[in-house]
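Structure, as structure tokens:
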Amino acid sequence: MKFTKSYEPGEFEPQIYAGWEKTGVFLPREVVANSFETETQDCYSLVMPPPNANGNLHIGHGLTIAVEDSLARYYRLRGKSTWYIPGADHAGFETWVVYERALEKDGHSRFEYSRDELYARVWKFVEEQRGNMELQLRALGASCAWRDLTFTLDENVVSRVYKTFEKMWNDGMIYRGEKLVNFCPKHQTAFADIEVEHVDEEGGLWEIAYKVASVPEDMVDSSSDFLAHELIVSTTRPETIFGDTAVAVNPKDERYQWMIGGLVELPLTGRTIPIIADEHADPEYGTGAVKITPAHDFDDFEVGERHGLERIRVISEDGRMLETAGEEFVGLTTEEARKKVLKELEEQGLLRGEKKITHAVGRCYKCGTRLEPMLKAQWFIDVERLAKGAIEKLEAEKIKFYPANKKKVLIDYLKGLKDWNISRQIPWGIPIPMFHKAPESDALDAPEWIFDTRTNLAKIEVGGVAYYRDEDTFDTWFSSSHWPIVCTNWLPGKENPYYPLNVMETASDILFAWVARMIMMGVYVTGEVPFREVYLHGLVLDAHGKKMSKSKGNVINPMELVTKYGSDAFRLGILRGRSAGMNQAFSENSVVSGRNLCNKLWNISRFIQGMVDESKSGGVVAAEMIEAEAGSEIVNEGAVQAGVELPYSTDNMGEDWICREIIKCKEEIEDDMAAYRFSEAVETLYNTIWDKYADWFIENQKLYKNVPLLKVTLEMILKMLHPFAPFVTEAIWQSLSWTEGQLIVQKWPSRLKFDAVSAENFERLVDVVSEIRRVSNELSVASNGKRWTVLYGDDSLVDDNQLLIASLARVPAVISCEGQPRGMRLALANHEVYLDVPKEVVAEYRERLEERILAVGRELDALNRRMMNSNYVDKAPAELVKETRKGIEEKERVIEGLKAELEVIG
RNA sequence: GGUUCUUUAGCUCAGUUGGCUAGAGCGCACGAUUCACAUUCGUGAGGUCACAAGUUCGAGCCUUGUAAGAACCACCA
């Protein structure tokens with residue numbers, strides 16, 4: 001391949017990815033069971049949170065893949081048998097909403113079809129959509145094992161879920177309960193608590209008079225006029241009045257104590273209902289008396305349980321009033337009914353007040369419809385045992401969290417967890433494997449229900465008795481909670497080196513919905529935690545730190561950025577400045593900066609290839625030789641075993657220095673990856689490649705042309721950047737004339753030999769060059785861009801590197817002053833170096849020089865003050881004090897030099 | 001209402017166990033230009049580390065309080 005002038009991602013990415021996929025490098029190495037007793041396979045496993053099969057990837061997926069694939073590629077390079085398992089989610093409710101919308105658009109309704117028909121139709125719909133999502137994952141560079149892609153409705157998932165359900169059923173953890181559930185009247189399904197979106201909104205708080213009809217007998221005497229009394233209740237939902245079965249007051253509330261046990265007349269109905277005492281009534285709120293509607297309010301349901309109250313349903317599943325609301329109201333929507341109720345109460349003079357309040361209302365997170373608390377028979381999981389198992393493992397530190405504080409948050413959540421409603425009234429999902437006796441039965445008793453996995457049949461016969469299938473499906477999270485178990489093919493009693501997963505990476509906002517449930521289920525099913533570490537990423541916000549939303553129009557489409565700047569640029573950009581659990585702004589800027597790095601690396605490689613081509617002596621260099629003899633030991637101070645012939649040598653300070661810097665970079669990346677500090681790893685690479693390798697080393701090599709070293713160092717850089725920018729590094733690797741095979745499966749670099757003293761000396765040279773540049777720049781403004789010759793005195797560093805300094809500092813020449821210094825002395829870098837400028841030009845510089853003397857003086861004062869503090873000298877570590885002393889000496893010397901300069905100027 | 005987190009340069013963020021003169025990218029200003037790269041090179045300006053008190057020889061970092069913001073959880077009728 002020829003190196004073009006700039007890197008064009010679009011020309012390489014598709015074929016590079018296809019090349020990887022074809023050669024099977026994404027697959028884990030096969031584990032040979034018990035091949036050697038002592039050999040333990042070094043495995044690394046992680047699963048992809050399955051994106052919705054029906055949709056496109058959004059920016060959150062982009063971050064997910066960038067993070068996970070970096071881990072997968074890094075550990076693959078580190079030599080581990082890496083298994084990154086992709087998935088696709090049937091996303092029960094989500095997909096259903098999309099499908100139902102399409103159905104309605106065609107003028108159809110779900111009620112025209114049987115459940116089995118609907119299931120088949122959605123399956124087809126999803127199958128058509130799924131390829132799209134998978135293409136996008138490839139475009140992002142996900143190095144996942146496509147062979148093992150798991151769809152959440154795959155047979156092995158369903159059978160595993162059924163096994164768990166059966167175990168729970170046998171363990172008595174599943175029960176059918178008639179409870180209030182959050183119900184969406186539009187989508188006609190119930191939700192788990194976790195799925196409800198609470199929105200603060202303005203609402204009314206009405207006060208309604210309930211006439212007292214009787215009081216307890218012993219109170220009749222003292223309050224003979226009780227019939228004249230009324231009890232004023234406060235409510236936000238007047239339309240549920242028809243379902244009231246009591247009025248509650250606080251037992252400690254002195255105003256109402258005497259009426260407890262009495263009756264009130266329920267307006268608009270002619271019924272009388274009891275006045276009961278319950279802590280639920282807050283004397284401070286409203287009038288202190290609250291109407292109790294057990295069938296339509298969560299609190300009231302519990303009050304009803306405590307007092308054995310009747311539950312009267314007055315609202316139907318489609319959000320309209322039932323017959324129980326009376327002839328005049330039946331069929332009205334809740335909104336209409338509310339208006340009518342209020343109007344009639346007003347006419348009867350029973351409406352006593354109306355206040356505006358703000359309260360949280362549960363809404364459907366998909367359509368925004370107000371959720372109706374609905375009395376329904378559903379399957380519930382008694383979560384006590386699940387939660388207990390998970391909490392024990394968490395408290396025993398079996399899982400490490402990034403960020404660490406999430407562990408506590410999770411334990412707190414698990415401690416307060418309520419029973420889990422797993423029934424959903426949508427056809428798209430895993431059918432609940434339960435059958436009941438009577439076709440229309442709403443029976444609750446366990447004997448009426450049997451477990452059976454033949455959910456493809458609506459009716460089955462067992463022991464000569466007919467049973468009918470429960471038409472509900474499982475909550476998606478119930479099956480998702482098995483994800484690590486099913487993806488790794490965990491089986492009871494069978495050794496599986498990929499379970500638990502090494503890491504679970506996902507969005508921090510599904511900590512409760514998913515991570516918590518995976519832990520509970522993992523512990524319950526396998527006895528072990530499902531993963532050893534959890535890395536949570538935050539939300540990707542827009543450039544101004546605002547949450548992205550369609551309505552705001554600030555949504556960034558990751559695929560557009562990939563097309564425009566390349567996959568690597570996107571990955572580098574989105575990892576930049578991001579830390580665990582934090583929501584973080586993201587903009588095209590950071591992607592541009594990633595694109596620039598890719599192009600920089602491309603051009604570095606292009607330049608090095610050019611030098612390789614030029615060099616006649618540059619035969620084949622076996623870079624692998626260093627790797628081959630390296631073992632696991634990491635040496636960074638040049639201590640290489642004697643007798644090993646290296647394929648390169650370092651012949652000058654710059655070469656020693658770059659070796660040192662690359663090794664430092666490598667070690668930092670290793671630390672960063674172990675602690676999931678992706679942002680820092682990328683930052684370090686960016687800085688090493690650009691500011692060190694290109695700006696100093698490559699410039700240095702324009703003079704020295706150490707081809708073997710150029711090859712070795714470039715290879716190392718490509719390997720180190722590969723986890724984050726897989727495409728450009730692979731494209732370069734395969735374009736270079738001397739490299740073989742694919743970069744993705746190379747060995748992580750181990751070490752370089754270099755002279756540490758020499759490397760340190762290069763820093764001095766950098767100081768000298770920087771100062772020449774700085775002063776020349778300042779002077780050039782005053783002298784029309786003229787560059788001045790550099791003179792030097794008795795200084796071996798400069799003497800040995802005249803050409804290099806001249807070229808790096810871009811001055812006409814660096815020559816010895818032959819014992820006759822003239823011009824301006826540069827004092828900061830601590831070398832005898834002069835800029836050969838005429839006095840009149842130097843005079844322009846006087847002011848700056850004076851400023852600098854003052855600045856250094858201030859620093860010197862600070863150090864002196866510290867040394868004058870006897871507490872500091874006594875208590876601070878001796879090393880630090882020594883350093884301070886050294887600092888003082890140095891500053892004093894610098895000031896002396898600067899003052900001497902000033903005198904020369906005169 | 002509860003929990004957790006955040007507040008550092010114009011913008012977006014680093015700053016890992018307290019240690020000297022607080023860093024990066026972008027943006028901005030000035031300068032360069034055929035020799036890998038204008039997706040370039042060099043130089044520079046820009047900060048009371050939200051505020052207050054405390055611990056310490058020493059605080060961006062630890063403690064307490066205050067203010068502002070965010071996310072998640074939550075039944076206030």
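Nothing here was measured: the structure is a model prediction, and the numbers come from that model.
In this structure, A/Arg677 reaches the bases: a heavy-atom distance under 4.0 Å links it to at least one base atom across the strands shown. Here A/Trp690 lies in heavy-atom contact (under 4.0 Å) with sugar-phosphate atoms only. Residue A/Asn869 is in sugar-phosphate contact alone, with no base atom involved, counting any heavy-atom pair closer than 4.0 Å across all strands shown. A/Gly566 comes within 4.0 angstrom of no nucleic acid atom, judged by non-hydrogen atoms across all strands. Using a 4.0 Å heavy-atom criterion, one finds that A/Ser234 contacts the bases of the nucleic acid, with or without backbone contacts as well. Heavy atoms of A/Asp695 sit under 4.0 angstrom from primed sugar atoms or phosphate atoms, though from no base atom. Among the protein residues, A/Glu588 comes within range of no part of the nucleic acid, since none of its heavy atoms lies under 4.0 Å from any strand. Residue A/Asp297 is classed as a sugar-phosphate contact, given heavy-atom separations below 4.0 Å to backbone atoms only. Residue contacts shown for A/Met611 are absent, as no nucleic acid heavy atom lies under 4.0 Å away. At the heavy-atom level, A/Lys291 lies nowhere under 4.0 Å from the strands shown. Note on A/Gln609: nothing from the nucleic acid sits closer than 4.0 angstrom, heavy atoms only. When heavy atoms are screened at a 4.0 angstrom cut-off, A/Lys355 is found touching no nucleic acid atom at all.
A/Asp297 has no carboxylate O lying under 4.0 Å from a charged side-chain N of A/Arg237, or vice versa, which leaves the two without a salt bridge.
Comparing B/rU66 with B/rU56, their P atoms sit 24 Å apart, to the nearest whole Å.
In this pair, A/Phe697 and A/Tyr693 present their aromatic rings tilted. The plane angle is within the 30 to 60° band.
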